[in-house]
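These notes are about the structure you will find just below.
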Amino acid sequence: MLEIQRIRKDRDALVEGLKKRNIDASELLDQVLEKDGQWRAKKSEMDELLANMNQMAKQIGEMFKSGKKDEAEGLRAETQVLKEKEQSLKSEVNTLEDEIRDLLYQIPNVPKAIVPAGKSEKDNEVVMEEGEIPTLHEGAMPHWDLASKYDLIDFELGVKVTGAGFPIYKGKGAKLQRALINFFLDEAEKSGYREFIPPHVVNQASGYGTGQLPDKEGQMYHIGIDDLYLIPTAEVPLTNIYRDVILPNEDFSIKITGYTPCFRREAGSYGKDVRGLNRLHQFDKVEIVRLEHPDRSQAAHEEMLEHVKNLLNKLELPYRILKLCGGDMGFTSALTYDFEVYSTAQSRWLEVSSVSNFETFQANRLKLRFKTADGKTQLAHTLNGSALALPRIVAALLENHQTADGINIPEALRPYCGFDKID
RNA sequence: GGAGAAAUGGCAGAGCGGUCGAAUGCGGCGGUCUUGAAAACCGUUGUACCGAAAGGUACCGGGGGUUCGAAUCCCUCUUUCUCCGCCA
């Protein structure tokens, strides 16, 4: 959520910035400003009224004490009118506040200067490419065929037990999941992230805190009886740990990580996009989250990219990094880099990580602040990234490392798997 | 799931319906003293909003109510603790 002060001060620059998302926010922002003006007028009117009423209440008290009953009764009758006035002002102020908040919820984050304008994923910029795309042997298969050939993942069994998009991992397939999770967590720890195991279910306030609500209500599974949501990513519980927090000084840098399953309803996908592991309703992911001083968030973002690069190098997967254009960026992000690995048997790039700087957008909703040296409170920056999401990594590992007589496990993963080949 | 008790500032802990944004202690910050530190002493110490400022308003778990006036009374929700039941 954008800060209202920023809209008051910088309306034109915000409109300009949001154009990169391919939206014209001028009308929305003007509505906010208009409502804000009305709100301020009503608010000071009400404050004045309340000040009067407080004053009168005090006088009445003193009169009763000094025995001036009649005077007190007279004054008491007067307050009746003011009370009614207060009621109506209060409801006007509340209505305006609701309207302003609803408008603010509709405005996405403003892209940073280096974000390219654009409408869709076609306008994303490839900023680097690394690793060699292997040439596969005759008869190489896509991962869903490999998964059934070596009995690693059972999609049909998942349909029976739950439904489409909930695969069941078996034997070495299950072991590989566990190995990847441990590998990712250990690497995160080496990079200085503290591990958390958060709840896999969150309340409404947390959904609002990180911006899943109200924008993406339908993407989360909702447990109606308790009004809780299954997390779509560990970002939600991990970041919300710091909701309503004021960090005591300005030299903080908080780095946390956590593994969780992720649940996404993902309505409206079809075809080759959802084949095999490409898109699931439940998947595993290790997330890294950072809270940084605004002056240091840019550097932190770059560090996070290095961390993810390192993971992909160790897994010996060819990948590329995209700088997302305004139109393809998530609602809450100011700058996002996507990592894609090349899926050789499918001949396509698969997104495996998304590393974003939200600047103050989430912090504003979270009320996550810190104390500056001169004692003021200021919004912190939040960042997060997948490091990494498992299914497409597994797909790429199976496909890229397949040979005629089995699938080779990359060196870095062997201690975690306990085997070096799937055959 | 049943029965009770409680929720106050960073923490601990007072608080008769009016003078309570809230005593007191600890902690934090600034100072005096000291070669330095400790101790002692003095001062200061929440958040947000409106306002150029003066100043004003709101907040004592959340929401609602009674009252001229609520931290204090009533209703409701949530959470915590104790006891019982069930249970990995």
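Nothing here was measured: the structure is a model prediction, and the numbers come from that model. So you know, we letter chains A, B, ... as the sequences are listed, proteins then strands, and number each from 1.
Look at NZ on A/K42: it is 19 Å from P on B/A58, rounded to the nearest Å. Put simply, NZ on A/K58 is 22 Å from P on B/U67, counting in whole angstrom units. Rounding to whole angstrom units, CG of residue A/L75 and C1' of B/U67 are separated by 15 Å. Remark: P of B/C50 and CD of A/E97 are 10 Å apart, rounded to the nearest angstrom. A straight line from CG of A/L89 to P of B/A58 spans 14 Å, rounded to a whole angstrom. We find that CG of A/L49 is positioned 12 Å from P of B/G69, with the value rounded to whole Å. At whole-Å resolution of the value, CG in A/N364 and C1' in B/C49 are 14 Å apart. The distance between atom CD of A/Q55 and atom C1' of B/U57, rounded to the nearest whole Å, is 14 Å.
Partner assigned to B/U57 is B/A48, using Watson-Crick or G-U wobble distances below 3.5 angstrom.
Salt-bridge formation is detected for the pair A/E187/A/K190: a Lys NZ or Arg NE/NH1/NH2 atom is positioned less than 4.0 Å from an Asp or Glu carboxylate oxygen. A salt bridge links A/E303 with A/R290: the closest approach of a Lys/Arg side-chain nitrogen to an acidic carboxylate oxygen falls below 4.0 angstrom. In this structure, A/D338 does not pair ionically with A/K323, as no charged nitrogen and carboxylate oxygen lie closer than 4.0 Å. Salt-bridge annotation for A/K314 and A/E411: absent, with no side-chain N of the basic residue lying under 4.0 Å from a carboxylate O of the acidic one.
Using a 4.0 Å heavy-atom criterion, one finds that A/Q5 contacts the sugar-phosphate atoms exclusively.
Across the P atoms, B/U72 and B/G21 are found 13 Å apart, a figure rounded to whole Å. Between B/C86 and B/A23, the two P atoms lie 49 Å apart (nearest whole Å). If you take atom P in B/G1 and the same atom in B/C50, they sit 43 Å apart, rounded to whole Å. Across the C1' atoms, B/G62 and B/U67 are found 22 Å apart, a figure rounded to whole Å. The separation of B/G63 from B/A14, taken at their P atoms, amounts to 25 Å, rounded to a whole angstrom. To the nearest whole angstrom, the two C1' atoms, one in B/U47 and one in B/G85, are 43 Å apart. Here the separation of B/G55 from B/A12, taken at their P atoms, is 34 Å to the nearest Å. Spacing of P atoms, B/G4 relative to B/C59, comes out at 32 Å, to the nearest Å.
The listed nucleotides are B/C50, B/U57, B/C68; the one nearest the side chain of A/L50 is B/U57. Checking B/A48, B/U57, B/G51 against every side-chain atom of A/R40, the shortest atom distance belongs to B/G51. In this structure, of B/U57, B/A48, B/C68, it is B/C68 that holds the atom nearest to the side chain of A/I60. Comparing B/G51, B/A48, B/U47 by their closest approach to the side chain of A/T377 singles out B/A48. If you check B/G46, B/C49, B/C68 against the side chain of A/W39, the one that comes closest is B/C49.
The two atoms that bring A/A387 and A/H307 nearest to each other are CB-CD2, 3.9 Å, heavy atoms only.
Projected onto RNA chain B by closest heavy-atom contact, A/G61 and A/S44 fall at different nucleotides, the more 5' of which corresponds to A/G61. Of the two residues near RNA chain B, A/K83 and A/E48, the one whose nearest nucleotide lies more 5' is A/E48.
Annotation: cation-pi pair A/K172/A/F419 present, NZ/CZ under 6.0 Å from the ring centroid and within 45° of its normal. Judged by the 6.0 Å distance and 45° axis criteria, A/K255 is positioned over the aromatic ring of A/Y193.
For the pair A/N54 and B/G18, the criterion of a side-chain N or O lying under 4.0 Å from OP1 or OP2 is not met. Not one side-chain nitrogen or oxygen of A/R369 sits closer than 4.0 Å to the OP1 or OP2 atom of B/U47.
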